Amino acid sequence: MISCVEEPEAPKIEVNENAQIAQVKSWFEQNKTKLRLPDRGSNFRSQSKELILPFFEKEPDWDKFHHYYFPDGREVFEVSLANATKYFPTSIVENFPNENPKDYMVQNIMFVKHSTENRFDPLIARYYPSDEYSKNHQKNIAYKQIDQYWSGRLDIFTYDEHHFIGFLIEEGEIINTINYGNDAEVNRRITGDCRTIIREVTWASNEPGPTQDDPYGYGVTYHSILIAETTCSGSGGYTPTGGTQVINGEPYYSFGGVDTGINCSGNCEYIVPVVSRPSSIILNLLTNPCASDIFKQLRKMSILKSSIGNINQTNEIIQLLDSANNFQFFIKNRQFSSQDSLKSAMTIPSIIFNSETQKNEITIELNDSYLNSATKLSIARTILHELIHAYILYSGFMGTDGSLNSSLKSYGSSMGIYSNDFHHSFMPIYISSIGYSLAEWNRRYGNSLISDRNYYDEVAWGGLSAMNFENGQYIWFEAFKSKFQTENKRLEVHQKIINEIKGYYDAEGKPC
Amino acid sequence: MMLKESLVKFIILSSGLICLAFCQTNLKEEEKMVINLICKEEKVENVSDIRLRWSDYGFINYKKLNHENVVYYDRGEFELNLWFNEAQKTELTQKVRSVKPSRIQKKDLPDNVKLITEDYGQLRRTVYSFSEPIFQEGKNGINYAFILVSQTFETEGWTKYYFLEEHAKKWKVKAVWMIGFS
């Protein structure tokens, strides 16, 4: 979860958000005992019309929250419920057979501010990843801030645990919606590509329950129900009268649809809010298909993280790579202006506050001219270089000249690593990590036939080798100079980097 | 009567033309001083004759000059609202939108700085580029200037946004903001 402590938010925003979350908390404390739907005589055991799980009191972790807006302008505060009872559909267990679902699922409570009244009716959001990447990239997940490549299941429940709607998500896109209800109701809703089957649906909680609900004594309580499950492809699938409304071209879901919905005419103590579609943050704005694929490959294989433990890394570097790997930034390509046309890429260090997402954003730009000539290996190297650069900047470590070299130095200093150690120890280990990551990426996705790991380590010095050329000689960065003792070797390594950047004949990587 | 009116018109028109010529010369001098100062600050040796364009970096209005949507840890001197009133802000928007880049000439640079007029893609040297500076008087009567500076060495480099002020006919750097680097 994003917490205001973890992210370097602008102070004024933090103060505002903290004041607002205090307001939500106060409203919740005053109203939490009233947040129940009228009893409609159904529960998870009976021949019910609904899937209703046992209610439990919720204690949100108010320090960890997201703040965003639905497209219709309603404000949402999504707060962590990490320490509460966790519910999960047993169908997801097979995704990670040897792990306890409570450890990898995310459970939040969404407080949706009413458009006219001063109330924040809550919903429960439960996120279940379906693969390793998604499991590792949901630390900051929220209903409107899902990682672009996250796959899994998201279920929304009312505060008192009536199933509202489920979404099956594949790489940030909704591929199916799921609703539970009785057969007769569901049939009326079906149009187009919806499919209904009557089946036994089993949900479980990580809390031990009565023996009949925990026949194996696993400390897990099972809740099974024979119910009609309707799955519709995409984010829609219903007619507007069947549960989905369209406002300004945007689909919204209302609890229970028209037939069973709760119409509050002034007296309702809990109004189940209408919700918009969940959506992802599109980080990859690359229009160059080759570069876009490389970015996706790097991101999906958590490549920086994968290098941890494989080489002799120091804690400082492990920490850096791990954090950079989970860091969210925007990446795009464009034709740089004539005076910048030689540059391969730029990190835009200005952190922009996006009022729509209420988040600070940082952007990396790749130059079209560079993408047209560089090898895939060079592009992968540049993305990693800029990724680390962007993360370091975002964390406030701006070097004296803004270069990655000086910013890494600034980061190193914060860890107590100074001049000599920086050049002779920190930098070579850092480069070796990037080299390892490049070699791993190449093994899985790249098309270079070279298997010598040294080559990847050498290419990893890109942008960190030469700083200038004076009186007929290169001026090298200190760490590069220390690593390669002879001028000939320095020139050879530097030329390899240039070969990959320019896509010269001698490059080992293949064109994009 | 007719003669008197014509004379007044002539005087106003002439003084306007004289002022225009003088002001432009004056601005050219100011520009030279600004560029000279930055050459000294950045230890510049080579300058491209082609200008950076403000619009290429998204500078299209006062809001962008003031970096209003940028989260600063410390905006410091870059809080332009401190220095400009509403009319001056409007003027700044007009200036940044209407600036027409001209080529830098050798006489605009310090003697020790080389003007690069060729494609420097194959040159192994660090080359700097400048935008047209934008000058604006502030609400305290002090003159301010804005200029973009870009450095390129092989495939690496950066772009900085400079904010300067004039004191006793001398320019000094008030603030610098890095707007991009590789």
Side-chain angles (χ1 to χ4, degrees), chain A residues 8-13 334 336-355 360-367 369-370 374 378 382 385-386 389 393 396 398-399 401-404 407 462-470 472-475 494 497-498 501-502, chain B residues 41-59 63-64 66-75 78 101 103-104 116 119-131 148-161 176-182:
Chain A
E9 299 277 351
K12 64 175 181 187
I13 297 159
R334 67 176 173 91
F336 285 10
S337 62
S338 60
Q339 291 310 92
D340 286 330
S341 62
L342 298 172
K343 292 168 185 158
S344 47
M346 298 273 264
T347 291
I348 310 300
S350 301
I351 300 164
I352 308 290
F353 180 69
N354 182 331
S355 55
N360 292 335
E361 295 173 353
I362 196 160
T363 304
I364 289 170
E365 293 181 338
L366 303 180
N367 188 357
S369 303
Y370 163 72
S378 176
T382 298
H385 175 110
E386 298 299 333
H389 210 169
L393 287 171
M398 169 78 92
D401 60 0
S403 68
L404 178 57
S407 300
L464 297 162
S465 54
M467 63 167 92
N468 206 345
F469 193 83
E470 281 175 13
Q473 282 205 311
Y474 275 110
I475 311 295
H494 188 65
I497 295 165
I498 300 286
I501 290 172
K502 301 285 186 189
Chain B
E41 288 278 324
E42 298 285 353
K43 300 182 179 67
V44 174
E45 291 179 357
N46 306 289
V47 171
S48 165
D49 65 336
I50 300 172
R51 299 272 193 176
L52 302 174
R53 300 164 74 97
W54 284 92
S55 56
D56 286 341
Y57 300 88
F59 289 91
K63 197 174 171 184
K64 176 68 186 183
N66 196 27
H67 271 40
E68 281 180 13
N69 58 345
V70 172
V71 178
Y72 279 80
Y73 297 108
D74 176 14
R75 286 175 68 87
F78 257 120
R103 296 216 170 205
I104 291 186
I116 307 289
D119 173 13
Y120 53 90
Q122 302 304 319
L123 297 178
R124 283 174 169 174
R125 52 179 80 156
T126 303
V127 178
Y128 289 78
S129 306
F130 296 99
S131 69
L148 297 176
V149 183
S150 177
Q151 183 225 59
T152 305
F153 172 65
E154 295 188 334
T155 58
E156 308 292 324
W158 49 249
T159 305
K160 289 178 185 174
Y161 170 41
V176 187
W177 184 250
M178 185 77 78
I179 58 171
F181 43 71
S182 42

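Note that the structure is a prediction, hence the values are computed from the model and not measured. Lettering follows sequence order; numbering is per chain, from 1.
For the pair Ser182(B) and Ala345(A), the tightest heavy-atom approach, listed with the atom from each and the gap, is CB-O, 2.7 Å. Closest approach of Phe153(B) and Tyr474(A) over heavy atoms only: CZ-CE2, 3.6 Å.
When the side-chain hydrogen bond (donor to acceptor under 3.5 Å, both in side chains) test is applied to Asp56(B), no partner is found at least two apart in sequence or on another chain. Contacts of Glu42(B) classified as salt bridge (Lys or Arg N to Asp or Glu O under 4.0 Å), with partners at least two apart in sequence or in another chain: Lys160(B).
The line from CD of Glu156(B) to CE of Met346(A) is 10.5 Å long, rounded to the nearest 0.5 Å. The structure places CE of Met467(A) at 10.0 Å from OG1 of Thr126(B), a figure rounded to the nearest 0.5 Å.
Of the listed residues (His385(A), His389(A), Arg334(A)), the greatest number of heavy-atom pairs within a distance under 4.5 Å of chain B belongs to His389(A).
Within the 4.5 Å cutoff, side-chain heavy atoms of Phe181(B) are placed close to those of Leu393(A).
None of Asn468(A), Leu342(A), Ile498(A) except one satisfies the side-chain contact (heavy atoms from CB on, under 4.5 Å) rule with Glu154(B); the exception is Ile498(A).
In this structure, the portion of Arg51(B) lying under 4.5 Å from any heavy atom of chain A is its backbone and not its side chain. Neither the backbone nor the side chain of Phe336(A) comes within contact range of chain B; no heavy atom of the residue lies under 4.5 Å from a heavy atom of that chain.
The backbone N or O of Gln151(B) sits less than 3.5 Å from a side-chain atom of Lys343(A), completing a donor-acceptor pair.
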